[in-house]
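What follows is a short report on a single structure.
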Amino acid sequence: MSPAPDLPAPSRRPVLAAPLLALLWLAAAGLLVLTPIALWRLDTRLLGSTYGKPFQPFELFGFCVTAALACFGARQLRRAAPGYEIDRWAGAAGLILTTLYTLPLLVDHPLRSWDYECYEQAARALLAGRDPYAGTGYLYPPLVAQAFAGAYRLVHAAVQAAHLSGLGDVEIFGCLFYAYQCLQLFLVVAAFALCLVLAQRLGLRPAHAAVLCTLLFVFNNPLFRTLKHGQVNLYVLDAILVAMLVPYRGPLAVGLALALATHIKLYPILFVLPLWWIGARSAATWAVGLTAAGFVLERRFAGGVLLGFVRSLPGFPRGTLLRDNSLHSIVYNFAHALALDRILPARAVDVAALLLGAGLSGWIFWRVFVQSALATPAPAPAQASDGAARARDQAGLFGFTLLIMMLLSPLVWEHHYVLTLPLAIWALTRIVAMGTSRPRLLRAVLAAALVYTPPTFDVFPFSYHRLAGLLWLLWLATRPPSPDEPRAVA
């Protein structure tokens with residue numbers, strides 16, 4: 001791969017073009033979701049389901065999406081006339097492949113995971129007027145549970161208004177699970193498209209960006225585990241990508257995305273720091289203001305639920321299992337392997353994890369802010385360069401924040417590493433742009449493979465390969481080329 005020349009400034013579109021395009025995509029997504037439900041209600045011999053009626057909507061959704069992809073692919077093939085450049089269709093091909101990879105994971109075995117059951121049980125508790133944090137296993141801020149409860153009320157009201165029979169409590173929660181699975185697919189598609197734009201903005205040719213993003217999404221065990229466990233990571237990933245791509249041109253969108261992500265998982269509020277540093281202070285202000293407004297509204301209309309979340313924070317679980325790549329898990333299991341847990345108090349593990357996190361954060365700070373000189377404050381947006389070099393420097397700050405977010409968390413399961421995709425794209429594009437030796441690029445590919453490709457296992461200390469790969473990737477991307485290091489041939 002070779003870096004592309006700096007991208008030109010995007011052409012100006014009519015003010016209403018983007019909202020109208022977004023509405024068209026939302027309408028298409030809604031049609032793909034609702035058509036299987038309408039077909040499911042039909043009594044016809046043309047439709048069947050091997051595993052029973054409850055599984056039929058998922059299978060029909062798979063059919064509808066496949067048909068839509070076939071139409072989209074046929075349109076791309078018609079445009080791929082002789083002389084049609086690969087840069088113009090590689091992204092569409094990657095999107096189709098990624099969607100076809102993701103779709104069976106969601107529709108072939110649509111079973112509720114334990115994680116998803118926690119969301120549903122918390123919503124049931126809210127609907128019954130109980131504390132969603134008492135005995136449900138739910139750990140997040142109230143928003144996710146409230147969204148499930150609100151969706152239930154909306155569907156229940158629609159069922160009553162339409163006088164539909166045979167749709168009780170179990171069926172309505174089944175519809176919500178179906179809608180959640182559909183949303184997961186759309187979030188993967190959005191994440192792929194945003195990563196594709198990010199890779200191009202950081203300097204890769206469109207064809208190379210498409211290959212990189214397709215490999216990162218297809219050979220991605222954290223993504224597989226996110227979908228298998230019904231996790232909410234994809235909402236947060238898309239919010240981070242939006243913040244990286246439109247910090248100047250879409251401050252309200254960035255603020256809304258980060259505020260929503262913060263009300264799903266608290267750590268995304270950290271991204272106001274790189275936003276402020278690069279000069280996107282309007283976006284940072286919107287993010288802080290909307291996040292605060294959300295908590296004020298929570299306190300005003302659901303104060304008891306918010307208080308329950310605050311009370312649950314001291315008891316938030318800390319990682320002890322080997323597959324957990326948190327610093328707490330690393331310290332705990334090293335102490336256990338050396339039999340130190342028999343003589344040391346439990347509090348010592350917390351203190352050691354805190355000190356290790358501080359040390360790693362200091363090392364990362366030095367690599368990013370000092371050795372690599374990425375953190376030079378950006379000029380005002382009107383004077384900022386649109387070049388790939390400036391974009392890479394700014395993306396590096398977001399990648400630094402992502403890694404700090406992973407180090408601060410007391411629980412880092414394998415599925416959380418899907419959030420690090422922007423960091424991997426930044427690191428790989430930066431190494432390509434530096435024109436360093438092919439061995440360094442191969443090492444970077446190996447480091448990324450350590451993060452994303454191995455299956456999940458519990459083997460000390462090899463289960464910490466994801467964090468090791470991420471730190472190795474950062475070291476390779478921030479290490480200045482030595483004078484005697486051979487350069488890659490473009």
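Only this structure's heavy atoms are used, side chains among them; waters, hydrogens and symmetry mates stay out.
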How about [atom1] on [X], more than 12 heavy atoms from neighbouring residues, nucleotides or ligands closer than 6.0 Å, or not?
X      : atom1 : value
Tyr101 : OH    : yes
Trp413 : CH2   : yes
Phe219 : CZ    : no
Phe457 : CZ    : yes

Considering only heavy atoms from C-beta outward, does the side chain of [X] approach that of [Y] to under 4.5 Å?
X      : Y      : value
Leu185 : Leu103 : yes
Leu60  : Thr35  : no
Leu327 : Leu467 : yes
Thr226 : Val232 : no
Pro454 : His465 : yes
Val305 : Leu126 : yes
Leu411 : Phe316 : yes
Met244 : Pro422 : yes

Classify the ring geometry between [X] and [Y] as parallel (under 30°), tilted (30 to 60°) or perpendicular (over 60°).
X      : Y      : value
His328 : Tyr332 : parallel
Phe186 : Phe61  : perpendicular
Tyr140 : Tyr138 : perpendicular

Worked verdict on Asp350 versus Arg347 for salt bridge (Lys or Arg N to Asp or Glu O under 4.0 Å): CA-CA 5 Å; Asp350 297 340; Arg347 185 65 179 169; 3.4 Å; yes

Nearest non-hydrogen partners of [X] and [Y], listed with the distance:
X      : Y      : answer
Ser282 : Pro251 : OG-CB, 3.5 Å
His263 : Leu143 : O-CB, 3.4 Å
Ser113 : Gly230 : OG-N, 3.9 Å
Arg318 : Pro314 : NH1-O, 3.9 Å
Val451 : Gly469 : CG2-C, 3.6 Å

Enter the distance from [X]:[atom1] to [Y]:[atom2] here, rounded to the nearest 0.5 Å.
X      : Y      : atom1 : atom2 : result
Leu450 : Leu470 : CG    : CG    : 10.5 Å
Trp89  : Gln76  : CH2   : CD    : 10.0 Å
Arg390 : Ile278 : CZ    : CD1   : 9.0 Å
Gln121 : Tyr116 : CD    : OH    : 11.0 Å
Leu212 : Phe217 : CG    : CZ    : 10.0 Å
Leu423 : Met406 : CG    : CE    : 9.5 Å

Is the closest side-chain donor-acceptor distance between Asn333 and Thr320 under 3.5 Å? no

Pair [X] and [Y], ring centroids less than 6.0 Å apart:
X      : Y      : value
Tyr417 : Tyr452 : no
Phe148 : Phe173 : no
His415 : Phe224 : no

Walk me through whether Ser329 and Leu321 qualify under side chain to side chain contact (heavy atoms under 4.5 Å, CB included). CA-CA 6 Å; Ser329 170; Leu321 297 180; 5.8 Å; no

Derivation of the side chain to side chain contact (heavy atoms under 4.5 Å, CB included) call for Leu407 and Ser361: CA-CA 8 Å; Leu407 295 177; Ser361 298; 4.2 Å; yes

Could you walk me through whether Asp324 and Ser326 pass side-chain hydrogen bond (donor to acceptor under 3.5 Å, both in side chains), step by step? CA-CA 6 Å; Asp324 185 326; Ser326 67; 2.9 Å; yes

Backbone of [Y] reached by a side-chain donor or acceptor of [X] within 3.5 Å:
X      : Y      : answer
Asn325 : Ser463 : yes
Tyr235 : Ile264 : no
Ser409 : Met405 : no
Tyr152 : Ala123 : no
Thr44  : Leu47  : no
Tyr178 : Val33  : yes
Gln184 : Gln231 : yes
Trp426 : Arg392 : yes
Asp458 : Arg323 : yes

Verify side chain to side chain contact (heavy atoms under 4.5 Å, CB included) between Arg466 and Thr456, making sure each step is shown before the conclusion. CA-CA 10 Å; Arg466 302 192 197 280; Thr456 305; 3.8 Å; yes

Under the criterion side chain to side chain contact (heavy atoms under 4.5 Å, CB included), I'd like the reasoning laid out for Val188 against Thr99: C-alpha separation, chi angles, the key distance, then a yes or no. CA-CA 8 Å; Val188 171; Thr99 307; over 6 Å; no

Applying side-chain hydrogen bond (donor to acceptor under 3.5 Å, both in side chains), can you list everything that pairs with Thr102, at least two apart in sequence or on another chain?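 Partners of Thr102 under the side-chain hydrogen bond (donor to acceptor under 3.5 Å, both in side chains) test: none.
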
Please table the atom pairs, donor to acceptor, closer than 3.5 Å between any side-chain atom in residues 265-272 and protein atoms at least two apart or in another chain.
from   : atom 1 : to     : atom 2 : distance (Å)
Lys265 : NZ     : Asn233 : OD1    : 2.6
Lys265 : NZ     : His416 : NE2    : 3.3
Tyr267 : OH     : Leu408 : O      : 3.4

Criterion side-chain contact (heavy atoms from CB on, under 4.5 Å) against Thr214, the qualifying member of Val218, Val211, Leu216: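 Filter result, single survivor: Val218.
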
Is Asp169 paired with Arg124 through a side-chain N to carboxylate O contact shorter than 4.0 Å?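 Answer for the salt bridge query: yes.
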
When you look at Thr453 and Asn221, which way does the side-chain hydrogen bond (donor to acceptor under 3.5 Å, both in side chains) test go after all the steps? CA-CA 6 Å; Thr453 58; Asn221 181 260; over 6 Å; no

Quick one, Phe309 with Phe295, criterion ring pair (Phe, Tyr, Trp, His ring centres under 6.0 Å). Give me CA distance, side-chain angles, the key distance, then yes/no. CA-CA 12 Å; Phe309 169 65; Phe295 283 118; 7.6 Å; no

Starting from the C-alpha separation in whole Å, work towards a yes-or-no answer on salt bridge (Lys or Arg N to Asp or Glu O under 4.0 Å) for Glu120 and Arg112. CA-CA 10 Å; Glu120 189 172 296; Arg112 291 174 173 88; 3.1 Å; yes

